[in-house]
Amino acid sequence: MEHGSVRDPSSATFCFVDEDHTLANSVRFALNQDPRVSFCGYSIPHPSDAKVNIRVQTTGDPAREVLKDACQNLMVMCQHVRSTLDKAVDDYRSNPTDMDTK
């Protein structure tokens, strides 16, 4: 859900339901890598609420598009981590004695 100003699309707060610090901090990190972002942060309104509010302010681009790009970048990062881990596991399983000496 998006909460923002119709007059200023460069500033918005997005509510992620059924999420916590794990996703929120990762999205915040990805947003902070984008030079179009002037501010981003997140809050959890209450510990018993499975809800995260992510605030995005940009230098002019629509906040929704910048958030979408950050989520896509985060997916690419996760895919890279996953493929690197899978390769390391496969390497270890194919020759576990080589890994023990390193």
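Note that the coordinates shown come from a computational prediction; the quantities given were computed from them, not determined experimentally. Hydrogens, waters and symmetry mates are skipped; everything else that's a heavy atom, side chains included, is used.
- Put simply, CD on Glu19 and CG on Asn53 are 12.5 Å apart, with the number rounded to the nearest 0.5 Å.
- Here the side chains of Phe16 and Leu23 are in contact, with some heavy-atom distance below 4.5 Å.
- Residue pairs meeting the ring-ring contact (aromatic ring centres under 6.0 Å, His included) criterion with at least one member in residues 35-71, sequence neighbours excluded: His21-Tyr42.
- The main-chain N or O of Pro45 is never found under 3.5 Å from a side-chain atom of Ser43 such that the two would form a donor-acceptor pair.
- With sequence neighbours excluded, the residues satisfying salt bridge (charged side-chain N to carboxylate O under 4.0 Å, His left out) with Arg36 are Asp34, Asp61, Asp69.
- The other members of the hydrophobic cluster of Leu85, by chain and number, are Val89 (side-chain heavy atoms under 4.5 Å, ILVMFWY only).
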Enumerate, atom names and distances included, each donor-acceptor pair closer than 3.5 Å involving a side-chain atom of residues 25-33, sequence neighbours excluded.
residue : atom : partner : partner atom : Å
Asn25   : OD1  : Arg28   : NE           : 2.9
Asn25   : OD1  : Arg28   : NH2          : 2.7
Ser26   : OG   : Thr22   : O            : 2.9
Asn32   : ND2  : Arg28   : O            : 3.4

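- Listed by first and then second residue, the salt bridge (Lys or Arg N to Asp or Glu O under 4.0 Å) pairs that reach into residues 41-52 come to none, sequence neighbours excluded.
- Residues passing the salt bridge (charged side-chain N to carboxylate O under 4.0 Å, His left out) test with Asp20, sequence neighbours excluded: none.
- Arg55 and Ser11 form a side-chain donor-acceptor contact under 3.5 Å, judged by distance and modelled atom types alone.
- Counting only residues at least two apart or on different chains, the side chain to side chain donor-acceptor pair (under 3.5 Å) pairs with a member in residues 71-83 are Arg82-Asp86.
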